[in-house]
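Excluded from the calculations below are hydrogen atoms, water molecules and symmetry mates; all remaining heavy atoms, backbone and side chain alike, are included.
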Amino acid sequence: MVAAGTAAAAVPLGRAAAAAGERVLALTGVTVIDATGCPPGRDMTVLVHEERIVAVGRREAVRVPAGATILDLPGKFVIPGLWDAHVHSIPAERISPPLYLVNGITAVREMSGSALLHEWRDRVDRGELLGPRSVIASRIVDGAPTIGDPAAFVEVATEAQSREAVRRAKRDGADFVKVYSRLPANLHRAIAEEARWQRIPFAGHCPDAVPLSTASAVGQYSIEHLYSTWYDTSAREKELRARIAGLTVGRSDYVAWMHEIHRLEWDAAGSYSPRKAAAVFATLARNRTRIVPTLAVYRVLDRPDEIALDDERLKYVPVAVVEGWRWALENIVKGGWTPEETAQRHALLDHRLAFVGELARADVPVIAGTDSGDMPFVIPGFSLHDELATLVRAGLSPLDALRAATIEPARMLGLDDTLGTVEPGKLADLVVLDADPLADIHNTTRVHTVLTRGRVISPEQRTRMLADIAAAAAEPATS
């Protein structure tokens, strides 16, 4: 990549491209933070032809063709387009796709597949719908009985059913198989084997009964959330595993599961063994198993009393959804907890932050994802910026947090040849910021301009898009 003071090797433009009416765009006078770890390049030009970056270098070193559109942006900062690597999009076309883009999120990983999401992706790819790129999971595969919604989950009770769930995911066009918390160890292993045969990746929760190191060893490419990540690192692991083996939860009884898991997590966190953790983290780092901690989730689950019920960003979420969130916060997230458990949950957030910091220091790849759309008060689009700030609070540097939402998810998904950095040859998914995110990670919220597939979303267009989203969110739900 380009260090400060040098010019990038340019990808040649076609002859008279600008004159022929092809889109050529120059961002000039910008500071480029390319996410590779190189020092920021100041007073740079980023030259884009159609959907690709063709040159990055000092202003005086990059020739801008006649007829190109020039955006002179002195004092602005260019970063790669952001990823939210764990979302459950609200099924509202006028809200979810544009809400990601106005927040600089040019790509998402959808963690529960549906026909609607595939339709959206096809339309985005054809240029008919303005939205982010997307990588889409299968329907969620869980043990039987599932703690989720049986209408939306795939329940498996046998090895044959597990293998068929993988084959079905591939037939349905899923990019990967999503596994869940109550999947037994033998069926998790069967899914891992079938996924290798079918050449389809698998990711998701670390099942309660599966050690984190085992999930990593059999090829689960990412672990979502921090459920079940504590036990391997506990001095009381044998006792905790026995309790997990005896755990019985009814169908769709997510609340009961959450209470039981809290007790296990609290005991595991209190018996944390740095020696055991070092061995587990070394395995994850060696296998390049990604952890997507979704700390935004735990800011709600662990400290629900700190949630701002009047958050002005809620105006971009459908009214009916917000009403459901308020009910869930009071009756599920807060409901049924003793004062002692409530205090433990409050303390657990600090343990989680420390755990994520240790993962990062052990060179385990940490990925930014939010669970937006599935967790109350984790607001789509905006929550990615909350997640980046919380990763820094956990001990990551601003650059590492930025990488967790750019180059690292691209690498995780095998897309780093086209996305994740600001380099010639890469796709022109870029965000222009008003302030330096390396000085303060909160500056990722100061979005000025977004480029998606080389298309410019100007400040004025962002303002119009936000107004349109708010108007759509305010409309009454239709039956």
Side-chain angles (χ1 to χ4, degrees), residues 84 86-88 90 99 103 224-227 229-230 254-255 257-266 268-270 272 291-319 321-360 366 368-396 398 401 404-405 440-446 473:
D84 189 333
H86 189 127
V87 304
H88 296 267
I90 296 169
L99 196 52
N103 278 284
E224 310 303 310
H225 315 303
L226 297 176
Y227 305 122
T229 57
W230 301 92
Y254 185 88
V255 176
W257 174 81
M258 190 164 61
H259 278 266
E260 294 296 333
I261 289 301
H262 163 75
R263 297 183 183 101
L264 289 160
E265 285 189 312
W266 179 251
Y272 180 80
I291 302 294
V292 190
T294 62
L295 292 171
V297 166
Y298 299 107
R299 293 176 65 197
V300 176
L301 293 180
D302 292 341
R303 299 187 182 178
D305 288 331
E306 296 179 2
I307 298 301
L309 300 179
D310 59 350
D311 190 326
E312 65 175 13
R313 302 174 302 177
L314 291 171
K315 67 184 178 183
Y316 301 112
V317 179
V319 170
V321 172
V322 175
E323 290 174 353
W325 285 0
R326 292 182 189 278
W327 183 90
L329 191 72
E330 292 301 320
N331 295 279
I332 297 177
V333 179
K334 292 183 180 181
W337 296 90
T338 67
E340 180 185 16
E341 288 173 327
T342 298
Q344 289 173 354
R345 291 166 73 199
H346 191 280
L348 264 177
L349 183 59
D350 290 331
H351 287 289
R352 297 188 204 279
L353 295 175
F355 188 87
V356 171
E358 289 295 326
L359 285 168
V366 174
T370 65
D371 208 17
S372 68
D374 199 43
M375 179 58 56
F377 293 94
V378 178
I379 302 171
F382 297 99
S383 61
L384 189 277
H385 302 284
D386 298 338
E387 184 74 10
L388 296 182
T390 309
L391 288 174
V392 170
R393 182 178 163 194
L396 278 70
D440 183 346
I441 194 62
H442 294 90
N443 287 335
T444 61
T445 66
R446 298 182 61 182

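Trp325 and Phe377 have tilted rings, their planes meeting at an angle from 30° to 60° on a 0 to 90° scale. Ring geometry for Trp230 versus Phe355: interplanar angle of 30 to 60°, hence tilted.
One N or O on the side chain of Glu387 and one on the backbone of Leu295 form a donor-acceptor pair closer than 3.5 Å. Under the 3.5 Å distance criterion, the side-chain polar atoms of His351 are left unmatched by any main-chain donor or acceptor of Glu265.
Partners of Thr390 by side chain to side chain donor-acceptor pair (under 3.5 Å), not counting sequence neighbours: none found. Shown here are the salt bridge (Lys or Arg N to Asp or Glu O under 4.0 Å) partners of Arg263, two or more places apart in sequence or in another chain: Glu260, Glu341. Contacts of Trp257 classified as side chain to side chain donor-acceptor pair (under 3.5 Å), with partners at least two apart in sequence or in another chain: Asp208. Shown here are the side chain to side chain donor-acceptor pair (under 3.5 Å) partners of His442, two or more places apart in sequence or in another chain: Asp440. When the salt bridge (Lys or Arg N to Asp or Glu O under 4.0 Å) test is applied to Glu323, no partner is found at least two apart in sequence or on another chain.
Ala401 approaches Leu388 most closely through the heavy-atom pair O-CD2, 3.3 Å. When all heavy atoms are compared, the tightest approach of Val356 to Pro293 is CG2-CB, 3.7 Å. Residues Val297 and Thr370 share a closest heavy-atom pair of CG2-O, 3.6 Å. Smallest separation of non-hydrogen atoms from Pro398 and Ile441: O-CD1, 3.7 Å.
Considering CG of Leu391 and CG of Leu396, their distance stands at 5.5 Å, rounded to 0.5 Å. One distance of note links CD1 of Ile379 with CG of Leu99; it measures 9.0 Å at 0.5 Å rounding. Considering OG of Ser372 and CD1 of Ile90, their distance stands at 7.5 Å, rounded to 0.5 Å. One finds the CZ atom of Arg299 at 8.5 Å from the CG atom of Leu349 (value rounded to the nearest 0.5 Å). For the atom pair Asp350 CG and Asp302 CG, the distance stands at 9.5 Å (nearest 0.5 Å). Here the OH atom belonging to Tyr227 is positioned 13.0 Å from the CG atom belonging to Leu264, to the nearest 0.5 angstrom.
Between Lys334 and Asp305 there is a side-chain heavy-atom pair separated by less than 4.5 Å. A 4.5 Å side-chain heavy-atom check between Val87 and Pro380 finds every atom pair outside the cut-off. Annotation: side chain of Leu314 is not in contact with side chain of Leu309 (no heavy-atom distance under 4.5 Å).
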- From CA spacing to verdict: side-chain contact (heavy atoms from CB on, under 4.5 Å), Leu329, Val300: CA-CA 8 Å; Leu329 191 72; Val300 176; 4.1 Å; yes
- Task: Report the C-alpha distance between Met258 and Leu301 in whole Å, list the side-chain angles of each, state the deciding distance to 0.1 Å, and finish with yes or no for side-chain contact (heavy atoms from CB on, under 4.5 Å).
- Result: CA-CA 10 Å; Met258 190 164 61; Leu301 293 180; 4.0 Å; yes
- Query: Should Glu358 and Tyr272 be marked as a side-chain contact (heavy atoms from CB on, under 4.5 Å) after you check the CA-CA gap, both sets of side-chain angles, and the distance that decides it?
  - Reply: CA-CA 12 Å; Glu358 289 295 326; Tyr272 180 80; 4.0 Å; yes
- Task: For Arg345 and Tyr298, run side-chain contact (heavy atoms from CB on, under 4.5 Å): C-alpha distance rounded to whole Å, both residues' side-chain angles, the deciding distance at 0.1 Å, then the answer.
- Result: CA-CA 9 Å; Arg345 291 166 73 199; Tyr298 299 107; over 6 Å; no
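Residue pairs meeting the side chain to side chain donor-acceptor pair (under 3.5 Å) criterion with at least one partner in residues 310-319, sequence neighbours excluded, are Asp311-Arg313, Arg313-Asp386.
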